[in-house]
There are 2 protein chains.
Amino acid sequence: MTTTDRLDEDVPATTAPVVTRTPPVLPVRRVSMADVARRAGVSAQTVSRVSNGHPGVVAATRSRVLDAMAELGYRPNSAARALKSGSFRTIGVILFSLGTTGNVRTLEAIAASAAAEGYAITVIPVEAPTQDGVHGAFTRLGELAVDAIILLMEVHLLDVAQVSLPPGVEVVVADSDAGDRYAVVDTDQADGSRQAVEHLLDLGHATVHHLAGPAHSFAAERRADAWRRTLEAAGRAVPPVEHGDWSAASGYEAGRRLAGRADCTAVFVANDQMALGLLRALHDAGRRVPEDVSVVGFDDLPESGEFLPPLTTVHQDFAEVGRRCVAQVLRQVREGVHETGTRLVPTRLVRRASTAPAPGGR
Amino acid sequence: MTTTDRLDEDVPATTAPVVTRTPPVLPVRRVSMADVARRAGVSAQTVSRVSNGHPGVVAATRSRVLDAMAELGYRPNSAARALKSGSFRTIGVILFSLGTTGNVRTLEAIAASAAAEGYAITVIPVEAPTQDGVHGAFTRLGELAVDAIILLMEVHLLDVAQVSLPPGVEVVVADSDAGDRYAVVDTDQADGSRQAVEHLLDLGHATVHHLAGPAHSFAAERRADAWRRTLEAAGRAVPPVEHGDWSAASGYEAGRRLAGRADCTAVFVANDQMALGLLRALHDAGRRVPEDVSVVGFDDLPESGEFLPPLTTVHQDFAEVGRRCVAQVLRQVREGVHETGTRLVPTRLVRRASTAPAPGGR
DNA sequence: ACACTCGATGTTTGCGCAAACATCACGTAC
DNA sequence: GTACGTGATGTTTGCGCAAACATCGAGTGT
């Protein structure tokens, strides 16, 4: 330790755990339309009209009502409004985890798109059933105050988690395969993988190894499938697949195994985080990237361009996926139709410094 | 290009943009308690009692009602319930961006804690006012169907975004400084920074450079302040500060500038993403880490252990921050008290491979 | 000058639910 | 046998809002 003490005394604002209480302002019944109406000397209906911007209220009356609203601090009760209108103006997003970049970025786009449409987003994390018997509070999703649901997970996991979607609520699915039952919006996993593998083959590599995601993952399967098909279509050998769990640490482990294979000159990694770990494993094993081994990732994280070396990867347009999910689900809600089928969002390869011609050519 | 065509034809499920429509099932008025009551041959009130698990319903009646519910697919209308009870069982989380790891991880913990308490989370992204005049749909936060709000941003940004918190709603703030007005839960930024700087000084570095976050950020200020104080308390020179915007790319830029300073043997970086870019900049400049330059980050991302080299960093317990936010805000809601004051969540230094004794000792 | 139109505003009503209160059928005490 | 308690169930009511309908007054055409 050096000489400084804790610095707390100098920064009282953040460190003093002082708790002041203001007395419970006792059941302050919230001001209702009737209160505003009384104050403004009009009927409740007129307040409603002003509140909703309906026409047919003369300017003088309108401003009198607005003044009353401001003085009383009126804010409409959305429960009552929802009860009347039957709509909550809210979309539920069900997901397993916020731990993956894809989910988060998609959620962000969903939230932004929904806000632009005047909808709020309710996030519903469902727990893996690995937890002891106690399930999350949302086994009864039916009670959620949402008009529609976007499922940001694989459909079959719903069963695993022992939750069932409420009937009569519109659903759009991302990141899964259920185009026969639901409207699905997804990244074009297959085409992105094809681009990645072809890029490596074009560089002269005899074949391409693959570090896949977890076995049960739909996205991981899609990417591995497309990798295999592309190799087969080009008449190349299909090396055994390595599996990770999407984490950088699992990428490191798999990378140690791959580094040991002398024939491994090119790796297509199913996401950028695992690619990060793989890069470190190759570095530790003395295999240079890209001189000895070329690496392509999948996702294009904001920081992938700062890896050592900057990572060539498949760019996913999470924002577009989110936007389309919202557009689709709102269309279903508004038009009252239930649609099925899959819409794919294109991907594109971003070439950086982690890929190079095969050592020795071919 | 190699020989493969697009693979689409082989994977019809994900690629066929077929849209089937089922006819709008016309105003399917949702089944209400009255419907269930009629079916079960009881009164609506009895249905209500069963629905809420109230005692005083004989077993035979109860099961008759439950059967009717199941047959009709009844699910309670949360709008009506909220209208009666005055509570939505929902907490709003207001944030600027889901682009920072801290926000996301905290949000995740908030969602999990809230779910455990039977509360849902509504995410409200507010837009930076840099957008042309059009503000988000949530300028009128007052209409949100929430019982309380957790503010995951700096309070003063509310003004910047021209939104104001609805009166009468309980608020808890994270990642900001407003302990005089609100209950605040925050990471102990100052102590974490102190640990980082002292660690570097203990390793024999004459002083420590700092790559700070954006100037307007509260967290960035706190970390820079503590860095400066710790150096001053140890009687060391305080080098000029570099600034980034939290992104890895900005870390690279700042790293290029720092790499040019011969006296720079130790850098405390305000977050791990910038540290990633800084590592690459040092590498590109031929400065070895940790032999020539030691680097300490802040956050401890899941992948920070896979950087090249694995990053020594300050671990933030985002999950604990989230949990405390929920606990605090629910306490305020349930007990009807408004509290102020700040609670700090401790941090700890995680030592990995990016720090080493100063070159040449001192 | 009269009937009539039309815009501004007020009144009634019911959304689904759950407290509060009412009723009803038993059983028990004396 | 009468009175009364007890527990199960039914009835009434109103939460806050906004459609639907009612009313009212001022203008318009002839």
Side-chain angles (χ1 to χ4, degrees), chain A residues 27-66 68-69 72-89 140 142-147 166 168-169, chain B residues 27-66 68-69 72-89 140 142-147 166 168-169:
Chain A
V28 261
R29 209 184 49 69
R30 279 208 7 215
V31 320
S32 75
M33 279 198 338
D35 301 320
V36 177
R38 207 170 307 118
R39 174 77 156 234
V42 299
S43 74
Q45 184 56 44
T46 298
V47 176
S48 169
R49 280 192 270 255
V50 171
S51 177
N52 293 317
H54 283 293
V57 179
V58 85
T61 311
R62 162 173 268 100
S63 72
R64 210 145 35 89
V65 171
L66 288 174
M69 282 181 175
L72 267 41
Y74 169 75
R75 58 198 183 99
N77 178 322
S78 24
R81 187 171 281 184
L83 180 57
K84 282 272 333 161
S85 67
S87 158
F88 298 97
R89 296 194 76 76
R140 302 177 305 170
E143 298 185 18
L144 280 175
V146 301
D147 303 321
V169 172
Chain B
V28 263
R29 207 183 51 67
R30 280 212 0 220
V31 319
S32 74
M33 280 199 337
D35 302 318
V36 176
R38 207 170 309 118
R39 173 78 154 235
V42 299
S43 75
Q45 182 56 38
T46 299
V47 176
S48 169
R49 280 191 270 255
V50 171
S51 177
N52 294 317
H54 283 294
V57 179
V58 84
T61 310
R62 175 182 305 279
S63 70
R64 211 145 35 90
V65 171
L66 288 175
M69 282 181 176
L72 267 40
Y74 169 75
R75 58 200 183 97
N77 179 320
S78 25
R81 189 170 279 184
L83 180 58
K84 284 277 324 169
S85 70
S87 159
F88 297 98
R89 296 194 76 75
R140 302 176 305 171
E143 299 184 16
L144 280 174
V146 301
D147 302 322
V169 173

Query raised in the report: Which angle, to the nearest 10 degrees, lies between the helix axes at the two ends of the helix from C:dA1-D:dT30 to C:dC30-D:dG1, each defined by five pairs?
Result: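 End axes: 50° apart.
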Query - Residues that A:Arg38 engages under salt bridge (charged side-chain N to carboxylate O under 4.0 Å, His left out), provided they are two or more places apart - result: A:Asp35
Query - Partners meeting salt bridge (charged side-chain N to carboxylate O under 4.0 Å, His left out) with B:Arg39 (sequence neighbours left out) - result: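 B:Arg39 satisfies salt bridge (charged side-chain N to carboxylate O under 4.0 Å, His left out) with B:Glu71 only.
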Of all the choices, [options], which nucleotide is nearest to the side chain of [X] once you look at every atom?
| X | options | value |
| --- | --- | --- |
| A:Arg81 | D:dT9, D:dC17, C:dA8 | D:dC17 |
| B:Ser43 | C:dG10, D:dT11, C:dG16 | D:dT11 |
| A:Ala80 | C:dA18, C:dT9, D:dG16 | D:dG16 |
| B:Met33 | D:dT9, C:dC17, D:dA18 | C:dC17 |
| A:Val42 | D:dT9, C:dG14, C:dG10 | C:dG10 |
| A:Pro76 | D:dA18, C:dC17, D:dC17 | D:dC17 |
| B:Leu83 | C:dG16, C:dT9, D:dC17 | C:dG16 |

Query - Length of the CZ-C1' vector between B:Phe88 and C:dC17, whole Å - result: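 Between C1' of C:dC17 and CZ of B:Phe88: 14 Å.
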I'd like a list of close polar pairs between nucleotides 20-24 of chain D and the protein, N/O only, cut-off under 3.5 Å.
none

Query raised in the report: Can you name the residues that form a side-chain hydrogen bond (donor to acceptor under 3.5 Å, both in side chains) with A:Ser87, not counting sequence neighbours?
Result: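 Listed in chain order: A:Asp147.
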Report task. Return the set of residues passing side-chain hydrogen bond (donor to acceptor under 3.5 Å, both in side chains) with B:Ser43 (not counting sequence neighbours), or none when no residue passes. Result ->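 By the side-chain hydrogen bond (donor to acceptor under 3.5 Å, both in side chains) rule, B:Ser43 matches B:Thr46.
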Requested in this report: Please identify each residue that fulfils side chain to side chain contact (heavy atoms under 4.5 Å, CB included) with A:Ala79, with sequence neighbours left out.
Outcome: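 Checked A:Ala79 against side chain to side chain contact (heavy atoms under 4.5 Å, CB included); matches are A:Asn77, B:Ala82, B:Leu83, B:Phe88.
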Query raised in the report: In chain order, what residues pass the side chain to side chain contact (heavy atoms under 4.5 Å, CB included) check against A:Arg64, with sequence neighbours excluded?
Result: A:Val42, A:Thr61
Protein N or O to nucleotides 24-28 of chain C N or O, pairs below 3.5 Å:
none

